[in-house]
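These figures come from a predicted structure and were not determined experimentally.
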Amino acid sequence: MKALKRLVLMLQFFTRIPINIQITANSSDFGKGLVFAPFVGLVIGAVLTIAAYGLLFIFPRVMVSALVLVLYMAITGGLHLDGLGDTFDGIFSNRPKERILEIMRDSRVGTNAVLAVASVLLLDFTALTQINEEYFLRIILLMPMAGRAGSLVGAAVSGYARLGEGLGKSFIDFCGKKELIWGLIIYSVISLLTFDLKLWIILLLPPLTALLTVKYFSSKVGGATGDILGAVCELNQCIFLVAACGILL
């Protein structure tokens with residue numbers, strides 16, 4: 001029952017999918033629930049894929065690619081894109097660690113945030129329009145899973161960067177090696193069920209790129225935050241799409 005509760009909790013937290021179930025949860029449930037991050041990504045991908053399949057009967061693939069990204073932002077509430085923007089505003093401000101963390105917490109949007117979000121969405125859109133048509137729907141299905149594998153890896157290998165409380169503290173403090181191993185098992189099983197060598201090669205990248213990305217950000221502030229986990233998710237998803245574009249042309 002704990003596993004089911006945590007799965008529902010992750011769906012409620014990371015998506016805007018209406019799940020009207022009242023759940024009593026503690027900090028541990030949030031962190032340990034990250035084991036289901038790849039599955040939550042698959043659920044988001046399934047919604048996007050069903051929508052894309054229907055839209056292809058009405059619009060050309062270029063328009064469908066744009067609508068898929070708009071729907072993605074609606075389903076997720078832009079949660080991870082917000083983290084991406086805050087992270088880039090802070091990390092690339094060239095300030096000391098304490099000031100970087102303050103900037104990341106500031107709700108105002110700076111130039112680096114706008115550039116980061118715009119660049120990632122532009123790359124996502126371009127990659128989707130150029131991927132081999134045979135793989136188009138399958139990549140849409142898998143891309144949110146690839147992104148959320150990044151949040152799982154990032155939380156599991158990092159310490160919390162702030163001294164006080166924060167949105168990401170529960171995830172980082174309670175997501176450990178056990179959650180990482182089981183989360184990657186879920187990710188691997190879903191990946192293997194594609195029964196496609198090219199997709200297997202592409203799906204090998206996200207855990208590795210997540211590790212490299214979170215280590216880079218952590219080196220700047222001495223750990224990770226909720227914003228950094230969001231940034232790793234979006235960057236991971238973008239790298240997955242760009243790799244798919246290159247391999248699946």
Nearest 0.5 angstrom please: [X] [atom1] to [Y] [atom2], how far?
X	Y	atom1	atom2	value
Leu203	Tyr187	CG	OH	4.5 Å
Thr76	Leu71	OG1	CG	9.0 Å
Ser27	Ile172	OG	CD1	12.5 Å
Ser188	Leu193	OG	CG	10.5 Å
Asp124	Ser119	CG	OG	10.5 Å
Phe217	Ile100	CZ	CD1	11.0 Å

Side-chain polar contacts of residues 34-51 - donor-acceptor pairs under 3.5 angstrom, sequence neighbours left out - could you list them?
residue : atom : partner : partner atom : Å
Thr49   : OG1  : Gly45   : O            : 2.6
Thr49   : OG1  : Leu141  : N            : 3.2

*Would Leu67 and Val64 count as a side chain to side chain contact (heavy atoms under 4.5 Å, CB included) if you check the C-alpha gap in whole Å, the side-chain angles of each, and the deciding distance to 0.1 Å?*
CA-CA 5 Å; Leu67 291 172; Val64 173; 5.5 Å; no

What I'd like to find out is whether the side chain of [X] reaches to under 4.5 Å of the side chain of [Y], using heavy atoms alone.
X	Y	result
Phe30	Arg6	no
Leu211	Lys215	yes
Leu184	Pro207	yes

*Please work out which of the three classes, parallel, tilted or perpendicular, describes the rings of Phe171 and Phe14, given edges at 30° and 60°.*
tilted

*When the ring planes of Phe57 and Tyr53 are compared, do they come out parallel, tilted or perpendicular, using 30° and 60° as the limits?*
perpendicular

Any chain of hydrophobic side-chain contacts (each under 4.5 Å) joining [X] to [Y]?
X	Y	answer
Leu142	Leu197	yes
Leu212	Phe88	no
Phe92	Val114	no
Leu192	Trp182	yes
Leu204	Ile202	no

Pair up each side-chain donor or acceptor in residues 230-249 with any protein partner under 3.5 Å, not counting sequence neighbours, and list the distances.
residue : atom : partner : partner atom : Å
Glu234  : OE2  : Tyr72   : OH           : 2.6
Asn236  : OD1  : Thr209  : OG1          : 2.6
Asn236  : OD1  : Ala210  : N            : 3.2
Asn236  : ND2  : Ala146  : O            : 3.0
Asn236  : ND2  : Pro206  : O            : 3.0

_Cation-pi check, Arg61 onto Phe136 ring (under 6.0 Å, within 45° of axis)_ = yes

Any idea which heavy atoms bring [X] and [Y] closest together, and the distance?
X	Y	result
Thr225	Arg162	CG2-NE, 4.0 Å
Tyr160	Gly168	CE1-C, 3.9 Å
Ala52	Ile140	CB-CD1, 3.8 Å
Leu229	Ala155	CD2-N, 3.4 Å
Met145	Ile190	SD-CG2, 3.4 Å
Ser218	Ala224	OG-N, 4.0 Å

*asked:* Set out, in order, the CA-CA distance, both residues' side-chain angles and the distance that settles side chain to side chain contact (heavy atoms under 4.5 Å, CB included) for Ile23 and Asp29, then state yes or no.
replied: CA-CA 10 Å; Ile23 293 178; Asp29 289 320; over 6 Å; no

_Whether over 12 other heavy atoms sit under 6.0 Å from Lys5 NZ_ = yes

*With sequence neighbours excluded, tell me which residues meet salt bridge (Lys or Arg N to Asp or Glu O under 4.0 Å) with Arg99.*
Glu102

*Which is it for Met143 and Val68 under the side chain to side chain contact (heavy atoms under 4.5 Å, CB included) test, yes or no, and what are the steps along the way?*
CA-CA 11 Å; Met143 70 177 194; Val68 162; 4.1 Å; yes

_Looking at Leu123, is its backbone amide N or carbonyl O close enough to the side chain of Thr126 to form a donor-acceptor pair, meaning the two atoms are under 3.5 Å apart?_
no

*Using atom types as modelled and distance alone, determine if a side-chain donor or acceptor of Glu179 lies under 3.5 Å from a backbone N or O of Gly31.*
no

*Worked verdict on Asp196 versus Lys198 for salt bridge (charged side-chain N to carboxylate O under 4.0 Å, His left out)*: CA-CA 6 Å; Asp196 189 292; Lys198 287 184 178 180; over 6 Å; no

_Stepwise side chain to side chain contact (heavy atoms under 4.5 Å, CB included) test for Tyr135 and Leu199_ = CA-CA 9 Å; Tyr135 284 93; Leu199 288 176; 4.0 Å; yes

*Asp89, Asp86, Ile91 screened by side chain to side chain contact (heavy atoms under 4.5 Å, CB included) with Ile103, the one that passes*: Asp89

